[in-house]
Amino acid sequence: MIQVRNMSKYFDEFEALRDVTLDVHRSEVLCLIGPSGSGKSTLLRCLNFLEAYDGGEVLLEGELIGWKSAGASPRKALSGEALRRQRQHIGMVFQQFNLWPHLTALENVAEALIHVKGLGKKQAHEKARAALAKVNLSDKEKNYPANLSGGQQQRVAIARAIAMEPSVMLFDEPTSALDPELVGEVLSVMKEMANEGMTMVVVTHEMGFAAHVADRVAFLDSGRLVTCVPPAEIFGQVPEDPRVRAFLQTYRERNVV
């Protein structure tokens, strides 16, 4: 589904990603873990060209993302319209919910269907209701964001993304802004999506989710992909790499795993 080949990313002189090569298979859940500042969110944002990667390439179902040609030098970014077309196939959920405060839950989900996909209001609202049902929020469609809990707002954000019927979903620490008691309801929705076969790439500090839901877990450190293996090889035994061992030990001491 996604091919990342020798990706690099710089912020001025700082090398945020270094020669990352990675595949994400159809219907796979891939979790990205690692210490803060290791490049996880940058990698995720490069997958849909919210950050323009400097070297290498990202392909979605064989199509180069963001750039006009893999071989051109210097490379030229796609036009805004072409990039928007590509992004329609890539849903993304952020740490913050980014909902329109003046729109109801239903209207927040329907907005992109109307203005990006060009659906009529009636059809967009039908699809929006179906998406809200998937995240167990059918009874909240008339609520404004201020009248929803943080977990409910994040579930509306997920509904907004899945209503667009993307090929892949990207999650950037979707529970990090939530109170601990609200984390479970969001993770539960994500587990349901995984069970339904949605291709997902998830940046997370929720080690339990990574251990029990992911098909593979990728560990990043200092912009480098250290390992990408089934979760049992990280959580079910002592990892070979000393950096991975040290990282997990920190979490075990905090009773996260």
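The main-chain N or O of D54 is found under 3.5 Å from a side-chain atom of R75 such that the two form a donor-acceptor pair. For Q154 (side chain) and V183 (main-chain N/O), no donor-acceptor pair under 3.5 Å exists by modelled atom type. For S27 (side chain) and G197 (main-chain N/O), a donor-acceptor pair under 3.5 Å exists by modelled atom type. A donor-acceptor distance shorter than 3.5 angstrom exists from the side chain of R155 to the backbone of V135, with no hydrogens or angles considered.
The two atoms that bring H102 and E107 nearest to each other are O-OE1, 4.4 Å, heavy atoms only. Shown here for A210 and P231, the closest heavy-atom pair between the two residues is O-CB, 3.7 Å. Counting all heavy atoms, side chain and backbone alike, Q95 lies closest to A177 at O-CB, 3.6 Å. G150 and L182 make their closest contact through N-CD1, 3.9 Å (heavy atoms, listed as atom of the first residue, atom of the second, distance). When all heavy atoms are compared, the tightest approach of Q153 to L99 is O-CD1, 3.7 Å. Shortest non-hydrogen contact noted between N108 and L103 is ND2-O, 3.1 Å.
In terms of the side-chain hydrogen bond (donor to acceptor under 3.5 Å, both in side chains) criterion, Q123 has no residue partners (sequence neighbours excluded). In terms of the side-chain hydrogen bond (donor to acceptor under 3.5 Å, both in side chains) criterion, N48 has no residue partners (sequence neighbours excluded).
Each of L44 and L59 belongs to its own hydrophobic cluster when Ile, Leu, Val, Met, Phe, Trp and Tyr are linked at side-chain heavy-atom distances under 4.5 angstrom. By the criterion of side-chain heavy atoms lying less than 4.5 angstrom apart, applied directly or through intervening Ile, Leu, Val, Met, Phe, Trp or Tyr residues, L132 is grouped together with V186 in one hydrophobic cluster.
Taking a 6.0 Å sphere around CD of Q96, one finds it holds 12 or fewer heavy atoms contributed by other residues, nucleotides or ligands. More than 12 non-hydrogen atoms from other residues, nucleotides or ligands lie less than 6.0 angstrom from NE2 of H25. Few gaps surround NZ on K117; more than 12 heavy atoms of other groups in view lie less than 6.0 Å from it. More than 12 heavy atoms of other residues, nucleotides or ligands lie within 6.0 Å of CD in E181, so this atom counts as buried by the packing criterion.
Within the 4.5 Å cutoff, no side-chain heavy atoms of F235 are placed close to those of P230.
Taking a cutoff of 4.0 Å between a charged side-chain nitrogen and a carboxylate oxygen, D221 and R18 do not qualify as a salt bridge. Salt-bridge formation is not detected for the pair E111/R160: no Lys NZ or Arg NE/NH1/NH2 atom is positioned less than 4.0 Å from an Asp or Glu carboxylate oxygen.
Of the listed residues (V4, V58, L47), just one forms a side-chain contact (heavy atoms from CB on, under 4.5 Å) with I65, and that residue is V58.
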